[in-house]
Number of protein chains: 2
Amino acid sequence: MITKRRGDVSLVSVTVDLVIFTVRSDCLQVLLIERGKEPHLGSLALPGGYVRDGEDLDEAAARELLEETNVDAERLHLEQLRTYGAPARDPRGRVITVAYLALGPDLPTPTAGTDARAARWVPVKTAISDETPLAFDHKEILREGVERARAKLEYTTVATAFCLEPFTVAELRHVYEVVWDTKLDPSNFHRKVTRAIGFLVPTGQRRVPQLGRPAALYRRGYATTLVPAILRTG
Amino acid sequence: MITKRRGDVSLVSVTVDLVIFTVRSDCLQVLLIERGKEPHLGSLALPGGYVRDGEDLDEAAARELLEETNVDAERLHLEQLRTYGAPARDPRGRVITVAYLALGPDLPTPTAGTDARAARWVPVKTAISDETPLAFDHKEILREGVERARAKLEYTTVATAFCLEPFTVAELRHVYEVVWDTKLDPSNFHRKVTRAIGFLVPTGQRRVPQLGRPAALYRRGYATTLVPAILRTG
DNA sequence: TAACTAATGGTCATCTTGACCGGAAATCGT
DNA sequence: ACGATTTCCGGTCAAGATGACCATTAGTTA
């Protein structure tokens, strides 16, 4: 293991890794790359990379997001998840990684990044299963990302980050159903979501669907916390 | 600024910083140290220190906790808060810090640690005010720690981490009142906490106070999430 | 024009919450 | 000894939230 010191202090490399979720084809999907170099060459992994000199952590996450998905971080919800620093988590030496959670609407199919052979969307159900090995400790990171996303839908308004504006209540409900993997009563969901203060702003427009009654269109409101919360039960 | 590289990759120093809260004399207090060396010599700061070779982040946090407070981390609630890595946050060079939140019962007055001239409890109200300068970005970290602690009391059972077992419902209520800086209705609070599943385990014992009716004694239950949650309102 | 589908509104029993009252169980002062 | 005082803790009640479910609305399709 390579170890350098600055004075009495050990030095480490710092990376950011991204858990990027979207809702695609009725399914919560995560962006994974096929690693293009060692270690773990060819393995599936979370996209990420080294934090550069003079770069803040959030900046590094936004930059990696742009590189891997060609989507401006402005349009996504991006928040820090947790930092992972087990001494042996990377065979190259002491590398700690700051994991970020990114939530966005159905994004363009990503191009392969610099260090990756390929990048693609993988259903979360597949990615977290034991049959899908992931590089480093990325499976643990992914699992915590899923749990964080699920929990945040309860008491924050982040679910709207999965929707392209303007969106319908049904689209928002679909997000909840997919992320939580449950069915929700359309009528009760409609009531909750429209009464929650600052959650949705009606545009006055309507969208005519393939089938059924046209639905009102909304934009995100100013609220970030959801009161009252929408709780998972059962 | 000192910068070293390993191959193409910049190397940074990693520290852990601790936001240690306790409830003392009707007041939420945070453990601060007076720095014993540069930079920010003499300033108030959060306790913390460098992560050592071969040491996991949680281990480093537990070790620093022990060094600064002489309290075994087993008895405290310890969780990662967030990682701070603004490029210029430390004049010594690139140093990122993994902040931890620690919650515990009224702890023994701490001894000064290795890098500190003195360590003492400071009321949070004082510590976050503009009249109290803190070293580095520690004021921002402290503010986020306070907000995290307040939020966690709503939907988790961590409030019991502030209590020495066994404890009474009134002691637990006191924790909520101090952390949230509100008054709570004793009767309604009693109903909520005793009905919340897995929150409290009755010991069958009672404690006779200076004044008033004896109170039943409880221990922590198995639950970590609080259902139903106890929400702050108004 | 009837059938179909999805959006959205309404009803109702149940549960939770906050405000508040009152009894229980201890100590203290006289 | 006995009431005053304090705190614990149980009970009541109205208001609001929730889940289950039905009804209406507004489109398309056969």
Side-chain angles (χ1 to χ4, degrees), chain A residues 26 153-155 157 159-160 163 166-178 180 182-219 223 225-234, chain B residues 26 153-155 159 163 166-178 180 182-219 223 225-234:
Chain A
D26 300 336
L153 259 54
E154 291 192 309
Y155 55 90
T157 59
T160 58
C163 300
F167 53 87
T168 68
V169 171
E171 284 165 358
L172 187 60
R173 175 164 48 85
H174 188 241
V175 166
Y176 274 88
E177 291 183 334
V178 162
W180 284 351
T182 49
K183 280 290 169 192
L184 298 173
D185 181 275
S187 175
N188 292 336
F189 182 82
H190 188 275
R191 179 180 58 198
K192 284 194 192 185
V193 120
T194 51
R195 289 202 184 159
I197 56 182
F199 195 8
L200 301 183
V201 177
T203 63
Q205 306 294 105
R206 298 203 297 167
R207 178 180 294 162
V208 177
Q210 293 284 31
L211 207 57
R213 174 176 169 175
L217 288 167
Y218 297 87
R219 296 186 181 281
T225 60
L226 200 45
V227 284
I230 300 179
L231 302 171
R232 295 174 279 183
T233 48
Chain B
D26 301 336
L153 258 55
E154 290 192 308
Y155 54 93
C163 300
F167 53 87
T168 67
V169 171
E171 284 164 359
L172 187 60
R173 176 165 47 84
H174 187 241
V175 167
Y176 274 88
E177 291 182 334
V178 162
W180 285 350
T182 50
K183 280 289 169 192
L184 297 173
D185 181 274
S187 175
N188 291 335
F189 183 83
H190 187 274
R191 181 180 57 198
K192 284 193 191 186
V193 296
T194 52
R195 290 205 183 154
I197 55 183
F199 194 10
L200 302 182
V201 177
T203 62
Q205 306 294 105
R206 298 202 296 167
R207 177 180 296 162
V208 177
Q210 294 285 31
L211 204 57
R213 175 177 169 175
L217 288 167
Y218 296 87
R219 295 185 183 281
T225 60
L226 200 45
V227 283
I230 299 179
L231 301 172
R232 295 174 279 183
T233 47

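Every chain is numbered from 1 and lettered A, B, ... according to where its sequence line falls, protein lines coming before strand lines. These numbers come from a predicted model, not from an experiment.
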Next on the checklist: Can you see if the side chain of B:H190 gets near the phosphate of D:dC9 - specifically, an N or O under 4.0 Å from OP1 or OP2?
Outcome noted: yes
Item to check | Gap separating the CG atom of B:L200 from the CZ atom of B:R219, nearest 0.5 angstrom | outcome: 12.5 Å
Item to check | Of A:S187 and A:R206, the one whose closest DNA chain D nucleotide lies more 5' | outcome: A:S187
Checklist outcome for this item: Here the distance between atom C1' of C:dT16 and atom CG of B:L226, to the nearest Å, is 14 Å
Between the protein and nucleotides 16-19 of chain D, list every N/O to N/O distance that falls short of 3.5 Å.
unit_1: D:dG19; atom_1: OP1; unit_2: A:T233; atom_2: OG1; d: 3.3
unit_1: D:dG19; atom_1: OP2; unit_2: A:K192; atom_2: NZ; d: 2.9
unit_1: D:dG19; atom_1: N7; unit_2: A:R191; atom_2: NH2; d: 2.9
unit_1: D:dG19; atom_1: O6; unit_2: A:R191; atom_2: NH1; d: 3.2

Item to check | Aromatic ring proximity, centroids under 6.0 angstrom, A:F167 and A:Y218 | outcome: no
Item to check | Interatomic distance, A:E171 atom CD to A:T160 atom OG1 [nearest 0.5 angstrom] | outcome: 12.5 Å
Checklist entry - Between B:D185 and A:Y218, who's closer to the 5' end of DNA chain C by nearest nucleotide? => result A:Y218
Checklist entry - Looking at residues 207-217 of chain A, who's got a heavy atom less than 4.0 Å off DNA chain C? => result A:L211, A:G212, A:R213, A:P214, A:A215, A:A216
Checklist entry - Does any non-hydrogen side-chain atom of B:E154 lie less than 4.5 Å from one of B:W180? => result yes
Checklist outcome for this item: Rounded to whole Å, CG of A:L200 lies from C1' of C:dT8 at a distance of 14 Å
Item to check | Residues B:H174, B:D26; criterion side chain to side chain contact (heavy atoms under 4.5 Å, CB included); working and verdict | outcome: CA-CA 8 Å; B:H174 187 241; B:D26 301 336; 2.9 Å; yes
Next on the checklist: Nearest 0.5 Å, please: how far is CG in B:L184 from NE2 in B:H190?
Outcome noted: 14.0 Å
Checklist entry - Going from CD1 on B:I230 to CG on B:N188, what distance comes out if it is rounded to the nearest 0.5 angstrom? => result 11.0 Å
Next on the checklist: Does A:P186 reach a base, just sugar-phosphate, or nothing at all? Heavy atoms under 4.0 Å.
Outcome noted: base
Checklist outcome for this item: One should read off an interatomic distance between A:T182 OG1 and A:E177 CD, to the nearest 0.5 angstrom, of 6.5 Å
Item to check | Qualifying residue for side chain to side chain contact (heavy atoms under 4.5 Å, CB included) with A:F199, from A:T194, A:V227, A:L172, A:T225 | outcome: A:L172
Checklist entry - Per the end-axis method with five pairs at each terminus, what is the bend angle of the helix from C:dT1-D:dA30 to C:dT30-D:dA1, to 10°? => result 10°
